[in-house]
Every structure is written in C-alpha cells, then in structure tokens.
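In what follows, a single structure is set out as structure tokens and then discussed.
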Amino acid sequence: MFSLLGCGCRTTRPKKALEGVAAVASQGAAMSDGLVSQVQNMGQVTGSSLLELANTLPFIAPVAYLVGAIASSAVTAVRLREDCLEFGKVVQMLEGILLKAESLEGHEAIVDDVRCALEEALELMESIQRRGHLASTLCSKSDKNEFEDIKERIQKAINRLNLSATVEVAAISSARFKQSE
C-alpha cells in the first residue's frame, strides 16, 4: 500500500484515498448526535475541490487524495475517534487555505512538505485503527503527541506559504512608475 520516497515520507495510491466513504453513511445512525453532525460535515467530498485545482497544478493531486483519505479515515475511526475527527477538521481547514492561496505555482516544496505530513497522518490514523483496545489505551498519549507534531508541521508549511505571498505582495507594491514624472 505504501512506498517509500527519497524525502523520507510515504505516498499512497489514489484509490485508497476514496475508500471508506460508503462506510460513513452506514455508521452515521449508530453515533451520538454531536458526532453525527461532525461526520456529516467531514463526510462531504473533502479533497474534491483540490482535485479540480490539480487540473491546472498537477503537484496538488497527491495532497487532494490524502485530504480525502484522511477525512474518510477520520469519520470511520473507532479508536481515538474524537482525536481523529479533530485532525480531520484540521485537514478540512488546510484544504480551504490551499484553495484560497492566490498562487501555489513555484511553491512545490511547501506543498510537498504538506504532502509528507499528510501521509504520516494517514498512516498514524490507520495504525491506530489496527490496534487492539489495550494497545490503543497505552499508546493514546503518544498518538496525541504525534497528531500535534503533524499539525505543527502543517502550520509551519502554511506559514511559509503565507510569508512567501507577503514578500511577493511587498515586491509588487514597491514598484514605482517614475518615467512620467
């Protein structure tokens, strides 16, 4: 399912990204009201808007697939469900930020850092769900810390993207048209 890349992160197959969407609907009836609304919001086709953007910026496609896979994994999670749903919300916010970014062209390295973090998040979520109850209990603090670490890495990448856009805007605003003076 995973293959190692030179960057030290893993990459998933696109097919895996959309698995579990049907399971979301069947599990919805069994959840409490609060979780049902979270699942319904997250179960919306997360990642599809980024896939549309990938038509013009192909390097976004892996991130789009991972966003969809993480959202799907979050809503189908059984163990550490609330943490998985919370991380799913982070990923939805990330998707919104990337869609609002004025220009991702020339920022492939930042997008690649986000991709690596998302791959690790998906792997973490899948490993949490494979564990038994006792192992989940014993590892829950470590898993929480790992979610926090991944979230911070995503935030740093977005901050770099923000800083880069700010510098570009500053360069544009510093243009002076003096010939007509």
Side-chain angles (χ1 to χ4, degrees), residues 1-12 16-17 20 34-35 38-39 41-44 46-47 49-51 53-54 57 59-131 135-170:
M1 181 174 122
F2 293 101
S3 63
L4 279 176
L5 295 177
C7 68
C9 62
R10 300 175 184 269
T11 195
T12 60
K16 179 66 179 165
L35 288 178
Q38 290 176 349
V39 167
N41 290 337
M42 196 166 310
Q44 295 171 348
T46 304
S49 297
L50 280 177
L51 276 176
L53 182 61
L57 299 170
F59 63 91
I60 291 290
V63 172
Y65 285 118
L66 287 164
V67 164
I70 290 171
S72 177
S73 185
V75 297
T76 60
V78 176
R79 302 203 187 333
L80 293 180
R81 180 166 186 75
E82 290 180 28
D83 286 348
C84 289
L85 285 171
E86 189 64 26
F87 194 80
K89 290 178 192 177
V90 168
V91 169
Q92 281 185 314
M93 289 183 268
L94 168 68
E95 179 182 29
I97 290 167
L98 290 174
L99 288 170
K100 289 178 185 174
E102 300 259 335
S103 173
L104 291 174
E105 295 163 354
H107 300 290
E108 289 91 348
I110 294 172
V111 173
D112 193 53
D113 289 346
V114 169
R115 180 188 55 78
C116 285
L118 291 176
E119 286 175 348
E120 289 178 29
L122 182 59
E123 186 176 339
L124 172 63
M125 292 175 92
E126 289 176 346
S127 72
I128 288 170
Q129 300 315 309
R130 286 191 301 265
R131 293 184 199 141
S136 291
T137 303
L138 293 173
C139 296
S140 63
K141 184 163 176 89
S142 171
D143 294 336
K144 175 190 167 275
N145 291 338
E146 198 165 344
F147 273 131
E148 286 290 333
D149 177 58
I150 293 169
K151 180 186 79 168
E152 287 174 16
R153 288 177 35 216
I154 291 171
Q155 284 176 318
K156 287 178 183 176
I158 295 302
N159 287 340
R160 287 194 332 263
L161 182 64
N162 222 3
L163 177 63
S164 175
T166 302
V167 169
E168 289 172 9
V169 169

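Residues: numbered from 1 along the sequence shown.
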[X] versus [Y]: any side-chain heavy-atom pair under 4.5 Å?
X      : Y      : value
Asn145 : Asp149 : no
Leu104 : Leu161 : yes
Glu86  : Phe147 : no
Ile158 : Ile110 : no
Tyr65  : Leu50  : no
Leu80  : Phe87  : no
Arg79  : Cys84  : no

Inter-residue atom distance [X].[atom1] - [Y].[atom2], 0.5 Å rounding:
X      : Y      : atom1 : atom2 : answer
Leu53  : Leu98  : CG    : CG    : 8.5 Å
Met93  : Ile154 : CE    : CD1   : 10.5 Å
Lys151 : Lys156 : NZ    : NZ    : 12.0 Å
Glu126 : Thr76  : CD    : OG1   : 9.0 Å
Ile97  : Gln155 : CD1   : CD    : 8.5 Å
Ile128 : Met125 : CD1   : CE    : 7.0 Å

Checking the side chain of [X] only, and the main-chain atoms of [Y] only, is there a donor and an acceptor separated by less than 3.5 Å?
X      : Y      : answer
Glu146 : Leu124 : no
Ser73  : Ala69  : no
Arg115 : Val111 : no
Glu120 : Ile150 : no

> Excluding sequence neighbours, so at least two apart, what forms side-chain hydrogen bond (donor to acceptor under 3.5 Å, both in side chains) with Asp143?
Replying inline: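 By the side-chain hydrogen bond (donor to acceptor under 3.5 Å, both in side chains) rule, Asp143 matches Arg131.
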> Only one of His107, Arg160, Arg153 forms a side-chain hydrogen bond (donor to acceptor under 3.5 Å, both in side chains) with Asp113, so which one is it?
Replying inline: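 For Asp113, the side-chain hydrogen bond (donor to acceptor under 3.5 Å, both in side chains) check succeeds only for Arg160.
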